Amino acid sequence: MKTKGFIDQYGWSAVPRLFKAVLRKFGIIIETFFLLKYKLNEIDITHKFNQYNYSDVRELTEEDISKIKFVSSEKLEIYKNRFHSGNYSCYAIIKNKEIQYLTWISWSDMNYPTVFEKNEDLKPEEALLEDSFCSPEHRGQGYHSMMNIFRLKKILDQQKSVVLVLVLKENKPAIKVQLKSGFYFDSKMKFIKIGKWSKIFQKRI
């Protein structure tokens, strides 16, 4: 991520992010995430959904992957595997034939960051929001808030009742969007890895 984009996303929290990046070079990983939860409210979601225009939004397929220009080749490979699994849905804002924003719903997997080396199945009533990316040229247009509500409506349509999202502690804008959408803090997860030793500390909030 370019420096300006990094600072725009994290603000003053960019300082501890940079410090942690230095620690990683010495084999020390210390990360804190918030697990947020939302018990779907049909009236609330429908009201918020109707406030936006989703005419430029459509569901992506694997064939669309090559058109995404603002994520790494490693991410694109992950995306291909998700399509192959059949357990994910990907939605994008497309204007002038350009993918400006994309976002995912996981229907069966509770995906933790790779370094956690932790994997769980979602409960039948749950879905997970993850991996939202906006093209640097189109940030600041409220896409994240808009697509957050869109995903909640899609999950509601699938008869799910609980939505989860895992957000990095320093990502204040993302946390703000989730709280505005109706989420609340469920727990805090701290991951520490030094060399081959690692441990996850989880505390309810």
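Counting from 1, the numbers follow the sequence of the chain as shown. Keep in mind the model is a prediction, meaning the values are calculated, not measured.
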So which atom in [X] and which in [Y] form the shortest heavy-atom distance, rounded to 0.1 Å?
{"X": "Leu166", "Y": "Pro113", "value": "CD2-CD, 3.6 Å"}
{"X": "Lys169", "Y": "Lys172", "value": "O-NZ, 3.6 Å"}
{"X": "Thr61", "Y": "Asp64", "value": "N-OD2, 2.8 Å"}
{"X": "Ile68", "Y": "Val71", "value": "CG2-CG2, 3.6 Å"}
{"X": "Ile99", "Y": "Ala92", "value": "CG2-CB, 4.1 Å"}

[X] atom [atom1], neighbour heavy-atom count above 12 within 6.0 Å:
{"X": "Glu59", "atom1": "CD", "answer": "yes"}
{"X": "Lys190", "atom1": "NZ", "answer": "no"}
{"X": "Glu137", "atom1": "CD", "answer": "yes"}

Would you list the atom pairs, donor with acceptor, under 3.5 Å between side chains in residues 192-205 and any protein atom, with sequence neighbours excluded?
residue: Gln202; atom: NE2; partner: Ser187; partner atom: OG; Å: 3.0
residue: Arg204; atom: NH1; partner: Asp186; partner atom: OD1; Å: 2.8
residue: Arg204; atom: NH1; partner: Asp186; partner atom: OD2; Å: 2.5

Give the ring-plane orientation class for Tyr101 versus His144, where under 30° counts as parallel, over 60° as perpendicular and anything between as tilted.
tilted
Under the criterion side-chain contact (heavy atoms from CB on, under 4.5 Å), which of Lys153, Gln178, Lys180 is the partner of Asn148?
Gln178
Using ring-ring contact (aromatic ring centres under 6.0 Å, His included), reason through Tyr112 and Phe33 one step at a time and then give a plain yes or no.
CA-CA 10 Å; Tyr112 293 95; Phe33 290 81; 9.0 Å; no
Counting the benzene-type ring for Trp, do Phe150 and Tyr91 have ring centres under 6.0 Å apart?
yes
Going by atom types only, do Tyr79 and Asp131 share a side-chain donor-acceptor pair under 3.5 Å?
no
If we ignore hydrogens and angles and just use 3.5 Å, is the side chain of Asp109 paired with the main-chain N or O of Asn111 as donor and acceptor?
no
